[in-house]
Amino acid sequence: MKKLVVSVLSTVLAFSLAACGGKTETAPAPAEGGQKEVTLKVGASPVPHAAILKFIQPKLKEQGVNLEVQEFTDYVQPNVQVNEKQLDANFFQHKPYLEDFNKGQNMNLVPVVAVHIEPFGAYSKKIKSVDELADGATIALPNDPTNSGRALALLEKNGVIKLKEGAGISGTVKDVVENKKNLKFKEVEAAMLPRVLEEVDLALINTNYALEAKLVPTKDALFIEDKDSPYANFLVARPDNKDSEAIQKLAKELNSPEVKKFIEDEYKGAIMPAF
């Protein structure tokens with residue numbers, strides 16, 4: 001009788017193993033809290049955006065969010081790919097640029113949360129002070145409207161030029177009404193500005209590109225925006241996913257005390273938390 005019981009049990013066990021593929025594997029542990037892991041694809045400029053995102057990857061992993069960071073060196077594709085749902089969100093731009101892009105491309109991308117401010121700066125390899133600008137000197141500016149206007153406004157604030165009254169950050173080269181040194185303006189794609197620095201007398205460069213080029217804004221810039229700059233960089237998503245649980249977890253971590261300390265310690269004033 002005992003042999004019969006053992007035989008039956010062996011048969012049942014063999015059948016059970018066969019039904020499971022012959023293996024007794026342990027199911028993978030669910031993410032913390034028992035939730036299913038979700039993959040979130042976010043496009044970002046390499047510095048500092050991607051660096052900040054990679055800093056919070058482990059924390060998001062604990063919360064069931066697998067953060068995939070895709071790096072871009074331009075200001076167009078990250079928005080295009082979010083709009084086309086190839087990416088879930090992006091992190092590289094300030095609100096004036098986003099608004100101008102939405103209008104020009106007939107898109108409706110939305111800001112989710114402000115993370116940091118990148119003070120815009122003026123750099124030169126030829127002069128040590130703006131007072132040294134020679135007559136007819138060449139100044140390089142970003143060629144996208146929002147950053148070009150921002151650059152011109154900074155030049156005006158530092159006494160280099162004067163813009164038409166009311167032009168503000170929306171000004172263009174055509175709005176320059178006073179140019180005592182007959183300065184020439186060369187509009188260049190933002191990512192290319194550090195590369196033309198040797199060719200021009202002064203270049204107005206976005207801080208993320210300055211950092212990539214190993215420039216130290218707080219030390220190398222002849223002049224730079226102050227902490228009151230309205231150009232905070234935002235996490236951006238679509239109307240259909242901005243309130244999703246994964247996006248909101250990402251937004252919360254981007255505004256965490258840990259990220260604030262990371263920005264302050266890593267960039268030492270070149271970039272400042274916006275929260």
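Residue numbers start at 1 and run along the sequence shown.
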Counting only heavy atoms not in Lys164, do more than 12 sit closer than 6.0 Å to its NZ atom?
-> no

Under 3.5 Å, side chain of Asn241 to main-chain N/O of Asp88, donor-acceptor pair present?
-> yes

Separation between OG of Ser124 and CD1 of Ile205, rounded to the nearest 0.5 Å = 10.0 Å

Would you call Gln81 and Gln70 a side-chain contact if the rule is heavy atoms closer than 4.5 Å?
-> yes

Hey, is the main chain of Lys268 close enough, under 3.5 Å, to the side chain of Asp265 for a donor-acceptor pair?
-> no

Do Val82 and Val236 have side chains that get closer than 4.5 Å, going by heavy atoms?
-> no

Those residues at least two apart in sequence (or on a different chain) that pass salt bridge (charged side-chain N to carboxylate O under 4.0 Å, His left out) with Glu187 are none

Where do Ala274 and Ile117 come nearest, in terms of heavy atoms and distance?
-> CB-CG1, 4.0 Å

Given the rule that I, L, V, M, F, W and Y join up when any side-chain heavy atoms are under 4.5 Å apart, are Leu154 and Val173 in one cluster?
-> yes

Counting only N and O atoms by type, is there a donor-acceptor contact under 3.5 Å from the side chain of Gln248 to the main-chain atoms of Lys242?
-> yes

Residues in ring pair (Phe, Tyr, Trp, His ring centres under 6.0 Å) contact with Tyr123, at least two apart in sequence or another chain | none

Sequence neighbours excluded, which residues qualify as side-chain hydrogen bond (donor to acceptor under 3.5 Å, both in side chains) partners of Asp131?
-> none

Closest non-hydrogen atoms of Val176 and Phe185, given as atom of the first, atom of the second and distance, are CG2-CE1, 4.3 Å

Please list, chain by chain and in numerical order, all residues satisfying side-chain hydrogen bond (donor to acceptor under 3.5 Å, both in side chains) with Ser256, sequence neighbours excluded.
-> Glu258

Among all residues two or more places apart in sequence or in another chain, which pass the salt bridge (charged side-chain N to carboxylate O under 4.0 Å, His left out) test with Glu156?
-> none

Note, Tyr209 side chain near Leu193 side chain (heavy atom, < 4.5 Å) = no

Report, as yes or no, whether the 6.0 Å neighbourhood of atom CG on Asn106 holds more than 12 heavy atoms from other residues, nucleotides or ligands.
-> no

Verify same cluster id: Phe234, Phe72 (apolar side-chain graph, 4.5 Å) | yes

In terms of hydrophobic clusters joined by side-chain contacts under 4.5 Å, are Val160 and Leu141 together?
-> yes

Expected output: side-chain Gln57 to main-chain Leu67 donor-acceptor under 3.5 Å | yes

Nearest-0.5 Å distance that lies between atom NZ in Lys126 and atom OG1 in Thr138 | 7.5 Å

Report the residues that fulfil side-chain hydrogen bond (donor to acceptor under 3.5 Å, both in side chains) with Lys85, sequence neighbours left out, ordered by chain and then residue number.
-> none

Name all residues meeting the side-chain hydrogen bond (donor to acceptor under 3.5 Å, both in side chains) criterion together with Asp144; count only those two or more places apart in sequence or in a different chain, and write none if there are none.
-> Thr146, Asn147

In chain order, what residues pass the salt bridge (charged side-chain N to carboxylate O under 4.0 Å, His left out) check against Asp220, with sequence neighbours excluded?
-> none

Could you pull out the closest heavy-atom pair between Val115 and Asn255, with the gap in Å?
-> CA-ND2, 4.1 Å

For the residue pair Ser148 and Thr172, establish whether any side-chain heavy-atom pair is separated by less than 4.5 Å.
-> no

If Ile, Leu, Val, Met, Phe, Trp and Tyr residues are connected whenever their side-chain heavy atoms lie under 4.5 Å apart, and connections chain through other members, are Leu250 and Val65 in the same group?
-> yes

Hydrophobic cluster membership, Phe223 vs Leu183, 4.5 Å side-chain cutoff = yes

Check whether any side-chain N or O of Thr218 sits under 3.5 Å from a backbone N or O of Ala270 as a donor-acceptor pair, and report yes or no.
-> no

Apply ring pair (Phe, Tyr, Trp, His ring centres under 6.0 Å) to His49 and list each qualifying residue two or more places apart in sequence or on a separate chain.
-> Phe91, His116

Under 4.5 Å between any side-chain heavy atoms of Pro111 and Leu98, yes or no?
-> yes

With Lys186 via salt bridge (charged side-chain N to carboxylate O under 4.0 Å, His left out) - residues at least two apart = Glu199

Between Phe120 and Pro142 the two heavy atoms that sit nearest each other are CZ-CG, 3.6 Å

With Pro239 via side-chain contact (heavy atoms from CB on, under 4.5 Å) - residues at least two apart | Asn108, Val110

Is it true that Glu132 and Lys128 make a salt bridge, defined as a side-chain N closer than 4.0 Å to a carboxylate O?
-> no

Is the CD atom of Glu178 crowded by more than 12 outside heavy atoms at less than 6.0 Å?
-> yes

With a 4.5 Å limit on heavy-atom distance, are the side chains of Lys61 and Glu37 in contact?
-> yes

Closest approach of Ile224 and Ala221, non-hydrogen atoms and distance?
-> CB-CB, 4.3 Å

Using a 4.5 Å cut-off on heavy atoms from C-beta on, say whether the side chain of Pro217 contacts that of Leu211.
-> yes

So with a 6.0 Å cut-off around NZ of Lys181, is the heavy-atom count from everything else above 12?
-> yes

Given Glu253, Glu71, Glu266, Glu68, the one that forms salt bridge (charged side-chain N to carboxylate O under 4.0 Å, His left out) with Lys54 = Glu71

Taking the side chain as every heavy atom from C-beta outward, state whether Asn66 and Val38 have any atom pair closer than 4.5 Å.
-> no

Candidate pair Leu152 and Ile161, rule side chain to side chain contact (heavy atoms under 4.5 Å, CB included), full reasoning = CA-CA 8 Å; Leu152 289 167; Ile161 58 170; 3.8 Å; yes

Evaluate side chain to side chain contact (heavy atoms under 4.5 Å, CB included) for Leu202 paired with Leu155, printing each intermediate quantity in order.
-> CA-CA 11 Å; Leu202 190 71; Leu155 288 170; 4.1 Å; yes

Does any donor atom in the side chain of Asn102 or Gln105 lie under 3.5 Å from an acceptor atom in the other side chain?
-> no

Can a salt bridge be assigned to the pair Glu225 and Arg150 using a cut-off of 4.0 Å between side-chain N and carboxylate O?
-> yes

Shortest non-hydrogen pair, Asn208 vs Val47, comes out as CB-O, 2.7 Å

Begin with the C-alpha distance, continue with both residues' side-chain angles, and end with the deciding distance and a verdict on side chain to side chain contact (heavy atoms under 4.5 Å, CB included) for Leu53 and Val42.
-> CA-CA 9 Å; Leu53 290 170; Val42 180; 3.8 Å; yes

Just by distance, with hydrogens left out, do Gln93 and Asn79 show a side-chain donor and acceptor under 3.5 Å apart?
-> yes

Can you list the residues that meet the ring pair (Phe, Tyr, Trp, His ring centres under 6.0 Å) rule with Phe92, with sequence neighbours excluded?
-> Tyr75

Could you walk me through whether Ile169 and Tyr231 pass the side chain to side chain contact (heavy atoms under 4.5 Å, CB included) check?
-> CA-CA 11 Å; Ile169 59 173; Tyr231 292 92; 3.1 Å; yes

Any idea how His94 and Tyr97 line up, ring-wise: parallel (<30°), tilted (30 to 60°), or perpendicular (>60°)?
-> perpendicular

Does Asp135 offer a backbone N or O that forms a donor-acceptor pair with the side chain of Asn182 under 3.5 Å?
-> no

